[in-house]
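Counting starts at 1 for both ligands and their atoms, following the listed order. Only heavy atoms go into these numbers, but all of them, side chains included; no hydrogens, no water, no symmetry mates.
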Amino acid sequence: MTQKTALLLIQLGTPDSPSTKDVRRYLREFLNDPRVIDLPWLARKILVNGVIVPFRAPKSAKIYQELWQKSGGSSPLLSHTTNVQDQLQARLQGEVDVYMAMRYQNPSLCSVTEAMKEKNYEHIIILPLFPQYASASSGSAIALATNLISEWWAIPQMSIINQFWDNEGYIDSIVARASDFNLADYDHILFSYHGLPERHVDKVYPGDQLCRDQFCEDEINGTNALCYKATSYATTRELARKLRLTPEQYTVCFQSRLDKEWLTPFSDEVVKELAQKGSQKILVFSPAFVADCLETVIEIGDEYQEIFTEHGGKTVQLVPSCNDHPRFLDGLEEIVRQKM
Ligand SMILES: C=CC1=C(C)c2cc3[nH]c(cc4nc(cc5[nH]c(cc1n2)c(C)c5CCC(=O)O)C(CCC(=O)O)=C4C)c(C)c3C=C
Ligand SMILES: [Fe+2]
Ligand SMILES: [Fe+2]
């Protein structure tokens, strides 16, 4: 007999609305997570609640208002993820029940796992929608989901997918998105990943080892398979191979930093330098985001466009994220079927 199985998709989260109040609540929950701001408790509380959130919330709310306006009055992260959930459910109807939760805000992991508890599943597949593992994204989602489920009296079998950057459907969906553009028309191509403090990637390694000593730009080896920098470069190599790009045609970079100690090169600085060196048209992939969101639509689509034109460039073209591309859904379906 087949096991009664559920799939739990987890995305990062987004504010309930672009009001300053809701953005503040979202930022407070997000940045108080010790896997995101990994400082001792008191230092985190002072920095996050006393400095970052009060200053950032009104600024972020303005940007979220632009995002809402551009995206038909809702968060694209939520609408794309809901589409993925619905379409995966249609593909797995009668075999697996598909749930979706956000790590921060709503639908909350707490409420979604409570609903799942009522169904007495024998097996729950936990799939955070982050292709490259980071403690601040997949790690945090997995830790909270498994903690919540572990409180149940009857704990089901749990399967955890901690990353899927090498999944063929995921890679193919990005390659397919690129087919809407003639790559030869662009002076340079960027693969812009969400940034991460360098400290976070160093903590992946045992003892005193550091990321910079592990050849993470060149290979996945026995020690760096869970290093976000290594998997970002590995994802790029896979995409470049399928897109037939030579290393001179593209640059890997990291966006959305909070301070200088984050992974380099910084995307905004690369965009500026390209414009200063005479590039007129650049194409930007954002492979760490499987759904379009604030970071792609506004940061790349608007802010990088502004920086590029300010320094002499013309066009920054964003390649849309996987969203509900059929090849991405094929990839997720394959991941689930392998665990059944
Ligand atoms: C690849 C996945 C992500 C990682 C890793 C990640 C790390 C990380 N992020 C922040 C701070 C912020 N991120 C914000 C937005 C945001 N982050 C991700 C994904 C990852 N973050 C997404 C998908 C989004 C967009 C959400 C949406 O609603 O569209 C924000 C909020 C926006 C802002 O004020 O700039 C912050 C803040 C840190 C500190 C961090 C790792 C330490
Ligand atoms: Fe983030
Ligand atoms: Fe590394």
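- Taking the six-membered ring where tryptophan is involved, the planes of Y99 and Y121 are perpendicular, since the angle between them exceeds 60° and thus also 30°.
- Note: Y26 and F30 have tilted aromatic rings, judged against thresholds of 30 and 60 degrees for the angle between ring planes.
- Centred on the Fe ion (ligand 3), the SG atom of C227 and the SG atom of C216 lie at an angle of 120°, reported to 10°.
- Note: F254 and Y228 have tilted aromatic rings, judged against thresholds of 30 and 60 degrees for the angle between ring planes.
- Using a 4.0 Å cut-off between heavy atoms, I63 makes no contact with ligand 1 at all.
- For the 3.5 Å distance criterion, the side chains of Q69 and Q65 fail to qualify, holding no donor opposite an acceptor.
- Per-residue contacts place S60 under 4.0 angstrom from the following atoms of ligand 1 (heavy atoms of the residue considered): 33 (C), 34 (O).
- Using a 4.0 Å cutoff on heavy atoms, Q11 does not count as a contact of ligand 1.
- Of all the heavy atoms of Y26, the ones lying under 4.0 Å from any atom of ligand 1 belong exclusively to the side chain.
- Under the 4.5 Å side-chain criterion, counting only non-hydrogen atoms from C-beta, W68 is not in contact with I63.
- For atom 15 (C) of ligand 1, the nearest protein heavy atom (residue, atom name, distance) is E295 OE2, 3.2 Å.
- Side-chain atoms of K4 come within 3.5 Å of backbone N or O of K119 as a donor-acceptor pair.
- Of the charged side-chain nitrogens involved, at least one lies within less than 4.0 Å of a carboxylate oxygen, so that D16 and R25 count as a salt-bridged pair.
- Contact annotation: Y205 places an N, O or S atom under 2.8 Å from the Fe ion (ligand 3).
- With a 4.0 Å cut-off on non-hydrogen atoms, C293 touches ligand 1 through its backbone as well as its side chain.
- Nearest protein neighbour of atom 22 (C) of ligand 1, counting heavy atoms only, is L12 CD2, 3.6 Å.
- Looking only at heavy atoms of the protein, atom 27 (C) of ligand 1 is closest to Y64 OH, 3.2 Å.
- Against a heavy-atom cut-off of under 4.0 Å, L258 is close to the following atoms of ligand 1: 39 (C).
- The residue from F254, F130, Y133 that puts a heavy atom closest to atom 2 (C) of ligand 1 is F130.
- Taking the six-membered ring for Trp, H188 and Y250 have ring centres at least 6.0 Å apart.
- Ligand-side atoms of ligand 1 in range of T14: 27 (C), 28 (O), range being under 4.0 angstrom from any heavy atom.
- One finds a salt bridge joining D302 and K70 here, because a Lys/Arg side-chain nitrogen approaches an Asp/Glu carboxylate oxygen to under 4.0 Å.
- Contact atoms of ligand 1 toward R56: 33 (C), 34 (O), 35 (O), 37 (C) (distance under 4.0 Å to a heavy atom of the residue).
- Distances below 4.0 Å separate heavy atoms of G13 from the following atoms of ligand 1: 26 (C), 28 (O).
- Residues I10 and L127 are not in side-chain contact: their nearest non-hydrogen atoms beyond the backbone lie 4.5 Å or more apart.
- With respect to the salt-bridge test (charged N to carboxylate O, under 4.0 angstrom), the residues R91 and D330 qualify.
- F266 has its side chain out of reach of Q255: every pair of non-hydrogen atoms, C-beta onward, lies at least 4.5 Å apart.
- Between atom 41 (C) of ligand 1 and the options A136, A61, S232, the minimum heavy-atom separation is to A136.
- Considering only non-hydrogen protein atoms, atom 42 (C) of ligand 1 sits nearest to V36 O, 3.2 Å.
- Looking at R327, its side chain never comes within 3.5 Å of a backbone N or O of D172 through a donor-acceptor pair.
- Side chain of R177 to backbone of C322: a donor-acceptor contact under 3.5 angstrom is found.
- Note on H194: its N/O/S atom closest to the Fe ion (ligand 2) is NE2.
- Of the charged side-chain nitrogens involved, none lies within less than 4.0 Å of a carboxylate oxygen, so that K272 and E310 do not count as a salt-bridged pair.
- Close N/O approach between L294 and ligand 1 is found [any backbone or side-chain N/O within under 3.5 Å].
- Any N or O atom pair closer than 3.5 Å counts here, and Y228 shares no such pair with ligand 1.
- Ranked by closest heavy atom to atom 8 (C) of ligand 1, the top entry among R199, H194, H200, R257 is H194.
- Ligand 1 is never approached by S256 to a heavy-atom distance shorter than 4.0 Å.
- Protein heavy atom at the shortest distance from atom 10 (C) of ligand 1 is F30 CZ, 3.7 Å.
- Within ligand 1, the atoms closer than 4.0 Å to a non-hydrogen atom of P197 are 42 (C), numbered from 1 in the order shown.
- Any N or O atom pair closer than 3.5 Å counts here, and W262 shares no such pair with ligand 1.
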